[in-house]
Amino acid sequence: MSDLVTLRRDGNVGVVTVDNPPVNAIKTAVRVGLIAKLGEAKADPDVAAVVLACAGRTFMAGADISEFGKPMQGPATVDVIAAVEQMGKPVVAALHGTPLGGGLEIALGCHLRLAAPGTRLGQPEIKIGTIPGAGGTQRLPRLVGLEKAMAMILTGDPITAQDALAHGLVDEIVDGDVTAAAVVFAKKVVAEQRPLVLARDRNEKLANVDRAKFDELAAGYLKRGKGLLAPMAAIESLRNALDLPIDDALRREWTLFLGLLGSEQAKSLRHIFFAEREAAKIAGIPADTRPREIRRAAVIGAGTMGGGIAMCFANVGLPVTVVEMSAEALGRGLDTVARNYRSTAARGGLKPEEAERRIGLITGTTDMGGIADADIVIEAVFETMDVKRQVFAALDKLAGADALLATNTSYLDVNVIARATARPQRVVGMHFFSPANLMRALEVVRGAETAPDVLATAVAIGRRIGKAPAVVGVCHGFVGNRIQRLRTVEAERVLIEGALPQEVDAAMTEFGFPMGPLAAGDLAGLDISWSMRKAQGLTAEIADALCERGRYGQKTGKGFYRYEPGSRAPKPDPEVEQLIVATSARLGVTRRSFDKKEIVERLLFPVINEGARVLDEGIAARPGDIDVIWVYGYAFPAWRGGIMHWADTLGLAYVRDRLIEFAARTGDERHKPAPLLTRLAAEGKGFAAS
Ligand code: COA
């Protein structure tokens with residue numbers, strides 16, 4: 001047998017240790033090893049108690065997700081938990097890192113749980129389209145109460161060790177080596193002959209549950225997870241904790257879990273999980289390329305983007321200098337950042353002292369020399385080539401020799417910007433999405449001369465600040481905005497051909513976007529894309545006409561919709577309808593009705609097609625990279641796996657055939673199926689096989 005699981009003795013305590021780097025995922029061999037070693041510990045008369053611990057950076061972080069979707073082999077996690085519960089001797093879990101999913105469920109099977117201070121505990125299954133399948137929906141509420149268990153299982157977000165202690169999920173937080181502390185603790189438990197109590201037998205927290213409150217909370221979670229299968233199953237299973245004997249409820253949980261595992265939603269979410277991690281692997285750089293350490297950052301520009309980017313660094317404890325031209329603009333920018341943090345604290349999202357600590361990490365200056373000791377400088381100034389080049393020429397003179405110089409441009413040619421310096425190899429694009437402190441997408445733009453270590457550093461720091469970076473090549477709008485443009489154009493066309501804004505948006509929200517593209521345009525400000533179009537000599541019949549009438553979106557109370565004063569709720573506007581109908585008439589278009597499916601396909605299939613071109617040109621290395629960018633930057637529903645994965649689920653031949661129809665109708669060359677799409681469709685393959 002392998003050394004994935006070992007048993008050693010420390011006095012009268014048997015220490016069972018899992019060592020399956022990097023995250024001690026509970027793959028088949030781990031389950032087999034655990035059952036074997038727990039069995040040995042049980043049989044050994046000299047072992048009076050057991051500590052269950054893990055080597056490396058974390059306690060078991062859950063099932064091995066790569067085994068999902070394959071036939072189950074060997075014992076299941078429930079069998080491991082049965083072995084723990086039937087030990088007949090105290091079992092203490094020694095938790096550190098991220099005990100998640102099945103890892104937490106095994107810990108829930110133990111009699112007692114100790115945690116290291118920074119431990120984060122959670123049931124993240126909902127994020128991959130399933131529910132805890134090894135008792136999480138039954139044992140967790142018995143320990144922490146139904147409401148807390150609901151929050152953990154329905155959001156999937158982990159909680160801190162302190163929170164876990166306060167809710168009875170862990171028994172103690174211990175400093176120093178958690179395994180050693182657990183051994184001492186286990187010896188004490190034996191010496192004191194503490195009674196063995198299992199979570200499954202502790203019903204006191206479920207005794208007086210307020211049913212009406214449960215129903216109300218459940219309705220809220222279901223509303224948020226509209227269209228998703230896993231939240232429904234999670235609620236059902238949590239309700240069973242109240243209504244069924246635990247063994248029946250556990251069997252039902254397992255059935256629900258298995259049913260979800262094979263669902264398209266779960267497959268899509270697993271795809272995105274792995275695509276995000278795959279995207280962080282940079283194609284075509286030497287395998288031994290190491291990212292440089294970032295200890296200090298600088299951001300040029302204290303506008304919305306600059307401020308948001310500065311927050312990303314402060315959020316992970318890195319000091320950051322913000323440089324602005326005028327003291328006034330700097331003050332405004334820093335005030336906004338401070339206000340953001342304080343309002344998060346006021347809403348309970350952050351401890352007030354933590355908010356102040358982060359504010360304190362951000363310092364401002366009007367002296368460009370303030371960047372001298374920064375390891376990374378991110379430029380977030382006005383989106384004009386001349387301005388960017390001036391900034392980079394200045395950075396070149398002032399930045400440290402090894403500093404990484406990044407531009408946050410969303411469209412411009414990174415190579416031209418890089419050539420404003422004498423060190424283009426140290427220049428890279430880092431395209432953040434707005435609001436930069438919240439959106440997880442990050443396009444790392446590889447210039448013609450960008451050095452491998454610069455790319456690796458940009459990706460590594462992106463991961464560190466919580467983003468989902470993907471490396472892209474230089475072209476107008478890179479991947480995300482380049483392919484999005486097709487959707488914008490198509491939304492206009494569909495309006496002119498017969499749909500109304502509220503129909504377009506309803507089709508897209510029903511598909512799974514949190515907001516329709518037209519309402520999103522109103523929110524962002526229609527004038528911004530208008531000025532960009534003008535700069536590029538482009539037009540958009542409807543959107544231009546709206547802007548000409550001063551309808552810039554929410555900020556003017558009118559855009560594609562109208563807005564009551566102080567309200568953000570879009571209301572259909574007869575004036576806009578008239579304008580659209582008149583435009584159709586002027587262009588000689590006979591209006592017709594659209595159903596939702598056609599709207600979705602018209603808006604998104606051209607995006608897929610452009611995605612195929614982006615792949616063909618090598619602008620994106622993998623279809624999964626495009627998926628990651630669109631899920632985290634454009635709110636494409638993660639449960640559909642990203643735009644290219646979704647295309648694969650539909651079948652590329654279908655997408656190709658519809659594009660041919662669209663091309664015939666619109667006469668748009670870009671609707672003609674791209675060569676890669678055509679080839680894969682003919683071969684009966686998906687992008688995943690490209
Ligand atoms: N199954 C299989 N592989 C996993 C895994 C899992 N549950 N969790 C992580 N990995 C892999 C990742 O794919 C990655 O592989 P790679 O290095 O080949 O790309 C590696 O482990 C490290 O993971 P990463 O996410 O890059 O590390 P991190 O330190 O940023 O985060 C976790 C660690 C555990 C917090 C994070 O990986 C995570 O959330 N994992 C999923 C946990 C989960 O959902 N468990 C329940 C499953 S039901």
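The structure presented is a predicted model; accordingly, all values stated were derived computationally and were not measured. We use all heavy atoms of the structure for the numbers below, so side chains are in, but hydrogens, waters and symmetry mates are not.
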Q.
Are the side chains of Leu238 and Phe214 in contact, using a 4.5 Å heavy-atom criterion?
A. yes

Q) Can you tell me how far OG of Ser237 sits from CD of Gln138, rounded to the nearest 0.5 angstrom? A) 5.0 Å

**Q.** Ala436 backbone acceptor or donor facing Ser434 side chain under 3.5 Å
**A.** no

Q. Okay, side chain of Asn24, backbone of Thr58: is any donor-acceptor separation there less than 3.5 Å?
A. yes

**Q.** Pairs meeting criterion salt bridge (charged side-chain N to carboxylate O under 4.0 Å, His left out) with involvement of residues 111-138, two or more places apart
**A.** Lys127-Asp157

Q. Atom CG of Leu269 and atom CD1 of Ile65: how far apart are they, to the nearest 0.5 Å?
A. 10.5 Å

Q. Can a cation-pi geometry be assigned to Arg270 and Phe274, taking NZ or CZ under 6.0 Å from the six-membered ring centre and within 45° of the ring axis?
A. no

Q: Mind listing the closest non-hydrogen atom pair of Arg211 and Leu242 along with its distance?
A: NH2-CB, 3.5 Å

Q: Compute the centroid of each ring, for Phe433 and then for Tyr632, and state whether the two points are separated by less than 6.0 Å.
A: no

Q: Keeping the roles fixed (side chain from Lys89, backbone from Ala41), state whether a donor-acceptor pair exists under 3.5 Å.
A: yes

Q: Decide side-chain hydrogen bond (donor to acceptor under 3.5 Å, both in side chains) for Tyr561 and Gln502; before the verdict, give the C-alpha distance in whole Å, the side-chain angles of both, and the deciding distance to 0.1 Å.
A: CA-CA 8 Å; Tyr561 299 93; Gln502 55 274 25; 5.1 Å; no

Q) Any side-chain donor-acceptor pair under 3.5 Å between Thr28 and Glu67? A) yes

Q) Looking only at heavy atoms, which two atoms of Glu105 and Pro132 are closest? And how far apart? A) OE2-CB, 3.1 Å

Q. Out of curiosity, Leu260 CG to Leu229 CG, how far, rounded to the nearest 0.5 Å?
A. 6.0 Å

Q | Phe59 vs Leu104 side-chain heavy atoms within contact, under 4.5 Å | A | no

Q. Given side chains that start at C-beta, do those of Glu503 and Met508 come closer than 4.5 Å, heavy atoms only?
A. no

Q | Arg31 side chain to Gln73 backbone, donor-acceptor under 3.5 Å | A | yes

Q: Taking Asn609 for its side chain and Leu677 for its backbone only, find out whether a donor-acceptor pair lies under 3.5 Å.
A: no

Q: Using the side chain to side chain contact (heavy atoms under 4.5 Å, CB included) rule, take Glu264 and Thr649 through it: C-alpha gap first, then chi angles, then the decisive distance, then the call.
A: CA-CA 9 Å; Glu264 207 54 65; Thr649 65; 3.6 Å; yes

(Q) Run the salt bridge (charged side-chain N to carboxylate O under 4.0 Å, His left out) test on Arg202 and Glu204 for me, step by step, so that the C-alpha distance in whole Å, both residues' side-chain angles and the decisive distance to 0.1 Å come before the verdict. (A) CA-CA 6 Å; Arg202 289 176 49 181; Glu204 63 277 9; 3.5 Å; yes

Q | Ion pair Arg200/Asp247, N-O distance below 4.0 Å | A | yes

Q.
Taking Leu518's backbone N and O only, do any of them form a donor-acceptor pair with Asp505's side chain (distance below 3.5 Å, no angle check)?
A. yes

Q: Kindly indicate, with the supporting measurements, whether the criterion salt bridge (charged side-chain N to carboxylate O under 4.0 Å, His left out) is fulfilled by Arg139 and Asp201.
A: CA-CA 9 Å; Arg139 292 186 184 86; Asp201 300 324; over 6 Å; no

Q.
Does atom CD (Glu147) have a neighbourhood of more than 12 heavy atoms from anything else shown, all under 6.0 Å?
A. no

Q.
To the closest 0.5 Å, what do you measure between CG (Leu52) and CE (Met87)?
A. 9.0 Å

Q. Is the Trp646 to Phe605 ring centre distance short of 6.0 Å?
A. yes

Q | Row check, Phe513 ring normal vs Arg640 NZ/CZ: under 6.0 Å, within 45° | A | no

Q) What are the two closest heavy atoms between Gln123 and Gly136, and how far apart are they? A) OE1-CA, 3.9 Å

Q: Please check if the side chain of Lys37 supplies one atom and the backbone of Val16 the other of a donor-acceptor pair under 3.5 Å.
A: no

(Q) I'd like to know whether the aromatic ring centres of Phe68 and Phe273 sit less than 6.0 Å apart in this structure. (A) no

Q) Could you go step by step and tell me if Ile465 and Phe432 meet the side chain to side chain contact (heavy atoms under 4.5 Å, CB included) rule? A) CA-CA 12 Å; Ile465 61 176; Phe432 289 78; 3.9 Å; yes

**Q.** Side-chain donor or acceptor of Asp210 paired with backbone N/O of Lys213 under 3.5 Å
**A.** yes

Q: Mind listing the closest non-hydrogen atom pair of Met60 and Ile106 along with its distance?
A: SD-CD1, 3.9 Å

Q.
Can you give me the closest heavy-atom contact between Ala266 and Gly129, atom names plus distance?
A. CB-O, 3.8 Å

Q. Can you name the closest pair of heavy atoms from Trp254 and Ala76 and give their distance?
A. CH2-CB, 4.2 Å

Q: I would like to know whether Val92 and His111 meet side chain to side chain contact (heavy atoms under 4.5 Å, CB included); could you show each step before the answer?
A: CA-CA 6 Å; Val92 180; His111 299 95; over 6 Å; no

Q) Has the side chain of Asp595 got a donor or acceptor atom that lies under 3.5 Å from a matching backbone atom of Glu598? A) yes

Q) Taking C-beta and beyond as the side chain, do Leu38 and Val84 meet within less than 4.5 Å on heavy atoms? A) yes

Q | Donor-acceptor contact present, side-chain Asn315 to main-chain Met311, <3.5 Å | A | yes

Q: Quick one: pull up CG in Leu256 and CD1 in Ile235 and give me the separation to the nearest 0.5 Å.
A: 12.0 Å

Q: Might you work through the side chain to side chain contact (heavy atoms under 4.5 Å, CB included) test for Arg142 and Leu206, ending with a clear yes or no?
A: CA-CA 6 Å; Arg142 282 176 165 80; Leu206 297 184; 3.7 Å; yes

Q.
Salt bridge or not between Glu236 and Arg239? Use side-chain N to carboxylate O under 4.0 Å.
A. no

Q. Arg347 versus Ser343: any side-chain heavy-atom pair under 4.5 Å?
A. yes

Q) Under a 4.5 Å cut-off applied to non-hydrogen side-chain atoms, are Met644 and Trp630 in contact? A) no

Q) Side chains of Leu112 and Val189: does their closest heavy-atom pair fall under 4.5 Å? A) yes

**Q.** Trace of the salt bridge (charged side-chain N to carboxylate O under 4.0 Å, His left out) decision for Asp163 with Lys148
**A.** CA-CA 10 Å; Asp163 202 7; Lys148 186 71 178 170; 2.8 Å; yes

Q) With a 4.5 Å heavy-atom cut-off, do Pro231 and Ile126 have their side chains touching? A) yes

Q) Which distance, rounded to the nearest 0.5 Å, do you find between the CD of Glu601 and the CZ of Phe594? A) 12.0 Å

Q) Would one find more than 12 heavy atoms of other residues, nucleotides or ligands at under 6.0 Å from atom CD of Glu354? A) yes

